[in-house]
Amino acid sequence: MTHFLDIHKTDPADLRRIIDTARKMKDNRDGRPKGAADDERPLEGAMVALIFEKPSTRTRVSFDVGVRQMGGQTMVLSGADMQLGHGETIADTARVLSRYVDLIMIRTFEEATLLEMADHAEVPVINGLTNRTHPCQIMADVMTYEEHRGPIKGRKVVWSGDGNNVFASFAHAAQQFDFEMVFTGPEPLDPEPALRGLITVERDPAKAVADADLVVTDTWVSMHDPQSAKERRHNQLRGYQVNAELMARARPDALFMHCLPAHREDEVTSEVMDGPHSVIWDEAENRLHAQKAIMRHCLGL
Ligand code: CP
Ligand code: NVA
């Protein structure tokens with residue numbers, strides 16, 4: 001069973017193949033309408049379950065559109081509306097869903113939920129974000145970097161802000177795609193200790209971004225963070241905002257990325273989001289292409 005649970009759990013050669021496939025599939029669409037099927041339809045006859053226990057715009061729409069472009073069908077399920085939210089175990093849910101669908105994508109809170117789903121499903125399971133990681137996002141990010149600037153290998157990527165789930169997948173990607181990953185943020189919001197061997201930490205954002213090829217940030221309050229922590233987090237992170245002054249310290253051709261949704265004027269200014277370094281809309285688009293390639297990888301198609 002080929003699940004896509006995390007970047008560090010997928011072989012680097014497979015990760016590279018996924019990016020290459022995504023690139024080819026994007027090129028092959030050749031400006032056709034979004035709802036038009038690809039020439040190749042590897043998911044013809046396939047049914048894909050998309051389960052969301054948290055809100056989503058990009059993940060939900062890009063998976064749904066991607067499956068349809070590849071000839072398959074989807075059902076979008078909200079965790080709260082399923083028996084999953086009413087006491088049926090994840091394992092039993094996984095066993096049952098496996099009798100109806102060919103692939104499961106799940107966005108959930110605890111990583112344990114994803115892993116239990118994967119352990120008991122008889123079909124591949126894709127991680128659509130947990131409190132801990134967001135691997136589909138970073139596959140799109142690597143694809144986007146390479147589309148604009150060539151191989152990411154050996155490049156310097158700087159994350160300014162909260163050491164969260166999106167950062168964790170970036171750190172995993174640094175290891176698998178062989179680039180440098182620098183974290184700059186306040187100590188209380190450091191990434192989990194297990195990631196420390198994969199990254200460099202620099203508390204001073206101005207020093208951290210020197211010579212950066214790519215600067216990245218994300219929301220200061222993630223979906224799993226309590227709203228009561230908002231004010232404290234904002235106070236801790238204010239000095240790590242990505243603004244024009246910070247970007248000016250990176251390489252002149254540095255790119256800026258954000259997985260979105262963004263909170264303009266908090267973690268990033270509109271000047272940067274809408275400015276010349278930013279590739280955020282390509283990044284969002286590439287979720288579609290990267291995930292199509294991930295689904296093909298999982299199904300061996
Ligand atoms: N970046 C991302 O995963 O966005 P959504 O939460 O809208 O899916
Ligand atoms: N870190 C954010 C990412 C959203 C796509 C969150 O988990 O809410």
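When reading the values below, keep in mind they use all heavy atoms of this one structure, side chains included, and skip hydrogens, waters and symmetry mates. Read the numbers this way: they start at 1 and go in the same order the structure lists the ligands and their atoms.
- Only the backbone of L260 comes within contact range of ligand 2, with a heavy atom under 4.0 Å; no side-chain atom does.
- Taking atom 7 (O) of ligand 1 as the reference point, the nearest protein heavy-atom neighbour is T57 N, 2.6 Å.
- At least one N/O-N/O distance between D218 and ligand 2 falls below 3.5 Å.
- Here the heavy atom of the protein found nearest to atom 7 (O) of ligand 2 is N165 ND2, 2.8 Å.
- Of the possible polar contacts, none joining the D14 side chain to the T10 backbone as a donor-acceptor pair under 3.5 Å is found.
- Distances between N or O atoms of C259 and those of ligand 1 include at least one value under 3.5 Å.
- At a threshold of 4.0 Å, the pair E192-R132 counts as salt-bridged, since one of the basic side-chain nitrogens sits closer than that to a carboxylate oxygen.
- Among protein heavy atoms, the minimum distance from atom 4 (O) of ligand 1 is reached at R58 NE, 2.8 Å.
- Formation of a donor-acceptor pair under 3.5 Å by the Q241 side chain with backbone atoms of V268 is not found in this model.
- Residue contacts with ligand 2: R107 is placed with no nitrogen or oxygen under 3.5 Å of a nitrogen or oxygen of the ligand (distance criterion only).
- Inclusion of M223 in the set of residues having an N or O under 3.5 Å from an N or O of ligand 2 is warranted.
- Below 3.5 Å of separation, one finds no N or O of M223 facing any N or O of ligand 1.
- The pair R149-D213 fails the salt-bridge criterion, with no side-chain N (NZ, NE, NH1 or NH2) lying under 4.0 Å from an Asp/Glu carboxylate O.
- For H172, the ring-ring contact (aromatic ring centres under 6.0 Å, His included) partners are H8, not counting sequence neighbours.
- Among L129, T219, T59, the residue whose heavy atom sits closest to atom 4 (C) of ligand 2 is L129.
- With hydrogens left out, the protein atom closest to atom 6 (C) of ligand 2 is S222 OG, 3.3 Å, a heavy atom.
- Shortest contact from atom 2 (C) of ligand 1 to any protein heavy atom: R287 NH1, 3.2 Å.
- A donor-acceptor pair under 3.5 Å is absent between the side-chain atoms of S222 and the main chain of D225, judged by distance alone.
- Remark: distances from the non-hydrogen atoms of H134 to ligand 1 include one below 4.0 Å.
- Taking any N or O of K54, backbone or side chain, none lies under 3.5 Å from an N or O belonging to ligand 2.
- For the pair K153 and F177, the NZ or CZ position fails the cation-pi test of under 6.0 Å to the six-membered ring centre and within 45 degrees of the ring normal.
- In plain terms, the two heavy atoms of A254 and A212 that are nearest each other are CB-O, 3.4 Å.
- The shortest N/O to N/O separation between R60 and ligand 1 does not fall below 3.5 Å.
- Comment: R155 does not engage D211 in a salt bridge, judged by the lack of any side-chain N to carboxylate O separation of less than 4.0 angstrom.
- Atom 6 (O) of ligand 1 has its closest protein heavy atom at R107 NH1, 2.8 Å.
- With respect to the salt-bridge test (charged N to carboxylate O, under 4.0 angstrom), the residues R23 and E146 do not qualify.
- No part of L129 comes within 4.0 Å of ligand 1, judged by heavy-atom distances.
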